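Here's the structure, in structure tokens; my notes come after.
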Amino acid sequence: MLIETVQDLIKDVDGVCSVVIDSTWSDEKIFINEDKIMSSASIIKLWILWKLYAESERQDIDLKKKIIPLKDENKTPGAGVLQYMSSGLNLSLHDYATLMITLSDNTATNILIDYLGMESINQEIKKLGMPNTCLQRKMMDMKARSCGKDNLTSAKDVYDFFVKLLKGHDISAQSRNEMINMLLCQQFNDRLSLYLPEDIQFAHKTGGLFGIEHDAGIFFINDTKVIIVVMMSNLKNNADGLKVHNTLGAAVYNYFLNQ
């Protein structure tokens, strides 16, 4: 049974671990510690992406034509390339979204938070029915984090996000497909997909900070779609958490590949 394999792989995680696995092929669903609220790290960017597309449909905005110039005051350290680019660079909302997802670009993310509004993003999260998820600070705002303001979510909320994405909940087929395609172009593949074939289709988003390692998305395996969410917090050693991600991703992929 897959549940036994998963339990065996995560039993020695020196921290808190949540896992959700669900496939369109079988009724076997795995929910472990799914309601545990954790720091989201960059997983929170999933909801910013959703809000952007939902708002573009409501306001009839062409994401590829709406341009916002890059400014020096927007540049944010950490993940991403925009912090190294020249001020005045004109990028579309679609460009910023692509960089936010594929490279986890913090500058792009903060620009989109300013454009959409933090409260508006949180209202969208509530509308989606995800009670454990909240955006409380911009990326790399460590002052806010030290004051107790952090971005939060749970494995169950992340799972529900991907269920709604697959079903195209309250969004057009075009928006759904564009979001999935961005997630398929993810460049951070050192967690669940590290040991998988290079041509594997895995639409996913990662997140990591000190003591935190997350990866979540959809495996497309033949005609089967597998939603997998693995979240870890309070890790004493991030490298140990990454190793569990690596072996768990391979185990889940091979399990469904051989069904």
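Quantities reported herein were computed from a predicted structural model and do not represent experimental measurements.
When all heavy atoms of L9 and V244 are compared, the pair lying nearest together is O-CG1, 3.7 Å. When all heavy atoms of A97 and L49 are compared, the closest pair comes out as CB-CD1, 4.0 Å. In terms of heavy-atom proximity, M118 sits nearest to K138 at CE-N, 4.1 Å. Pairing each heavy atom of S39 with each of D150, the nearest pair is OG-OD2, 2.9 Å. When every heavy atom of F162 is checked against every heavy atom of G217, the shortest pair comes out as CZ-CA, 3.5 Å. Counting all heavy atoms, side chain and backbone alike, G211 lies closest to N238 at N-OD1, 2.7 Å.
Counting only heavy atoms from C-beta outward, the side chains of F161 and W50 approach each other to under 4.5 Å. Counting only heavy atoms from C-beta outward, the side chains of I228 and F202 approach each other to under 4.5 Å. D157 has its side chain within reach of P131: a pair of non-hydrogen atoms, C-beta onward, lies under 4.5 Å apart. Here the side chains of L257 and N222 are in contact, with some heavy-atom distance below 4.5 Å. Using a 4.5 Å heavy-atom threshold, the side chains of N90 and P69 count as touching. Side chains of L93 and S56 form no contact here, defined as non-hydrogen atoms less than 4.5 Å apart. No side-chain heavy atom of V229 sits under 4.5 Å from any side-chain heavy atom of I43. Residues V20 and V158 have side chains not in contact (no heavy-atom distance under 4.5 Å, counting atoms from C-beta outward).
One finds no salt bridge joining K164 and D170 here, because no Lys/Arg side-chain nitrogen approaches an Asp/Glu carboxylate oxygen to under 4.0 Å. Here K29 pairs with D22 in a salt bridge; the nearest charged N to carboxylate O distance falls below 4.0 Å. For R145 and D141, the salt-bridge test fails: no basic side-chain N is under 4.0 Å from an acidic carboxylate O.
In this structure, the separation between OG on S146 and CZ on R137 is 10.0 Å, given to the nearest 0.5 Å. Residue S120 holds its OG atom at 10.0 Å from NZ of K127, rounded to the nearest 0.5 Å. In this structure, OG1 on T206 lies 4.5 Å from CZ on R191, to the nearest 0.5 angstrom. In this structure, the separation between OG on S42 and CE on M139 is 6.5 Å, given to the nearest 0.5 Å. Note that the CZ atom of R176 and the CG atom of N181 stand 9.5 Å from one another [nearest 0.5 Å]. In this structure, the separation between CG on N110 and CD1 on I48 is 8.0 Å, given to the nearest 0.5 Å.
Looking only at atom types and distance, the side chain of N189 has a donor-acceptor partner in the side chain of H204 under 3.5 Å away. Counted by atom type alone, S18 and K156 present zero donor-acceptor pairs between their side chains at under 3.5 Å. Donor-acceptor pairing under 3.5 Å is recorded for the side chains of D95 and S92.
Residues Y255 and Y159 do not share a hydrophobic cluster, defined by chaining ILVMFWY side chains whose heavy atoms lie under 4.5 Å apart. Connection of L152 to M130 is not established within any shared hydrophobic cluster, with ILVMFWY side chains joined at heavy-atom distances below 4.5 Å, either directly or through further cluster members. Hydrophobic clustering (side-chain heavy atoms under 4.5 Å, transitive across Ile, Leu, Val, Met, Phe, Trp, Tyr) keeps L248 apart from L194. With hydrophobic clusters built from ILVMFWY side chains whose heavy atoms lie under 4.5 angstrom apart, V19 shares a cluster with F219. Taken together through direct or relayed side-chain contacts under 4.5 Å among Ile, Leu, Val, Met, Phe, Trp and Tyr, I32 and V163 form parts of separate hydrophobic clusters.
A 6.0 Å sphere centred on CD of Q174 holds no more than 12 heavy atoms belonging to other residues, nucleotides or ligands. Other residues, nucleotides and ligands contribute more than 12 heavy atoms inside 6.0 Å of the CG atom of D62. Counting non-hydrogen atoms of other residues, nucleotides and ligands closer than 6.0 Å to NZ of K75 gives a total above 12. No more than 12 heavy atoms of other residues, nucleotides or ligands sit less than 6.0 Å from atom NZ of K167.
A side chain to side chain contact (heavy atoms under 4.5 Å, CB included) with T76 holds for exactly one of D105, L82, N106; it is N106.
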Could you walk me through whether D240 and D14 pass side chain to side chain contact (heavy atoms under 4.5 Å, CB included), step by step? CA-CA 8 Å; D240 292 339; D14 194 359; 5.9 Å; no

Before giving the answer on side chain to side chain contact (heavy atoms under 4.5 Å, CB included), spell out for H245 and M232 the whole-Å C-alpha distance, their side-chain angles and the decisive distance to 0.1 Å. CA-CA 9 Å; H245 271 277; M232 299 177 186; 3.7 Å; yes

Trace of the side chain to side chain contact (heavy atoms under 4.5 Å, CB included) decision for E28 with M1: CA-CA 9 Å; E28 186 174 9; M1 296 287 288; 3.9 Å; yes

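A donor-acceptor pair under 3.5 Å is formed between the side chain of Y96 and the backbone N or O of I68. With N151 contributing its side chain and Q136 its backbone, the two residues share a donor-acceptor pair below 3.5 Å. Side-chain N or O atoms of S172 include one that pairs as donor or acceptor with a backbone N or O of S175 at under 3.5 Å. The backbone N or O of K225 lies less than 3.5 Å from a partner atom in the side chain of T24, making a donor-acceptor pair. Under a 3.5 Å cut-off, the side chain of D215 and the backbone N or O of L192 do form a donor-acceptor pair.
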